[in-house]
Amino acid sequence: MVSKHLEKIYGNSGSYILKTNRNISDIEISKMFFDIEDINNPDLISIRVSDLDKVSIGIGDIKEKLKEFQYKKIKHPVKILLIYDADRLTTEAQN
C-alpha cells in the first residue's frame, strides 16, 4: 500500500502515476517512497502552477520536466515525477 491518501494507478520499472484527493508535499512523497524526509531529493521531480507563476501548466513546462526525469536515478531505485494541479494542464500538456 502506498498510503491511505494515494492510490497507485500505474507503476512499473520505477515510474509511477499517482492519484490523490489531497495536497501532498514533496517531503511526504519522499518519506513514502524513499523513506527519507528530503526536500531536495534528486529522484523526486515536481511541478506546480504556483512555481511557474502561471494559471496553467503548458506542454513546454511538461517537456522540460520530462527531460529532467529521463536522467539516471541518483540515490534511489525509483524516480518520481509529481504533477500538482493536474487539473490545470493544458490539453496539449495532457496528451
Nearest 0.5 Å please: distance from the NE2 atom of His76 over to the CG atom of Asp35. 9.5 Å
For a quick test of reading the model, state the closest non-hydrogen atom pair linking Tyr84 to Ser25 and the distance between them. OH-C, 3.2 Å
What's the shortest heavy-atom distance between Ser30 and Asn41, and which atoms? OG-ND2, 3.3 Å
Should Tyr71 and Ile80 be counted in the same cluster of Ile, Leu, Val, Met, Phe, Trp and Tyr side chains packed under 4.5 Å apart? no
Ile29 and Leu82 have their tightest heavy-atom pair at CG1-CD2, 3.6 Å
Any Lys54 side-chain heavy atom under 4.5 Å of Asp61 side chain: yes
Between Asp43 (side chain) and Lys73 (backbone), is there a donor-acceptor pair under 3.5 Å? no
d(Ile27 CD1, Glu37 CD) to nearest 0.5 Å is 6.5 Å
Nearest-0.5 Å distance that lies between atom CG in Leu52 and atom CD1 in Ile47: 4.5 Å
Between CD on residue Gln94 and CD1 on residue Ile62, distance to nearest 0.5 Å: 10.0 Å
I'd like to know if Ile59 and Val49 are part of one continuous hydrophobic network [Ile/Leu/Val/Met/Phe/Trp/Tyr, side-chain heavy atoms within less than 4.5 Å]. no
Is there a salt bridge (Lys or Arg N to Asp or Glu O under 4.0 Å) between Lys65 and Glu68? Walk through the geometry before answering. CA-CA 5 Å; Lys65 291 298 177 178; Glu68 288 179 48; 3.6 Å; yes
Interatomic distance, Lys67 atom NZ to Ile45 atom CD1 [nearest 0.5 angstrom]: 13.0 Å
Does the pair Asp26/Arg48 count as a salt bridge with the N-to-O cut at 4.0 Å? yes
Taking all non-hydrogen atoms of both residues into account, name the closest pair between Ile74 and Pro42 and its distance. CD1-CB, 3.6 Å
Nearest 0.5 Å please: distance from the CG atom of Leu81 over to the CD atom of Gln70. 11.0 Å
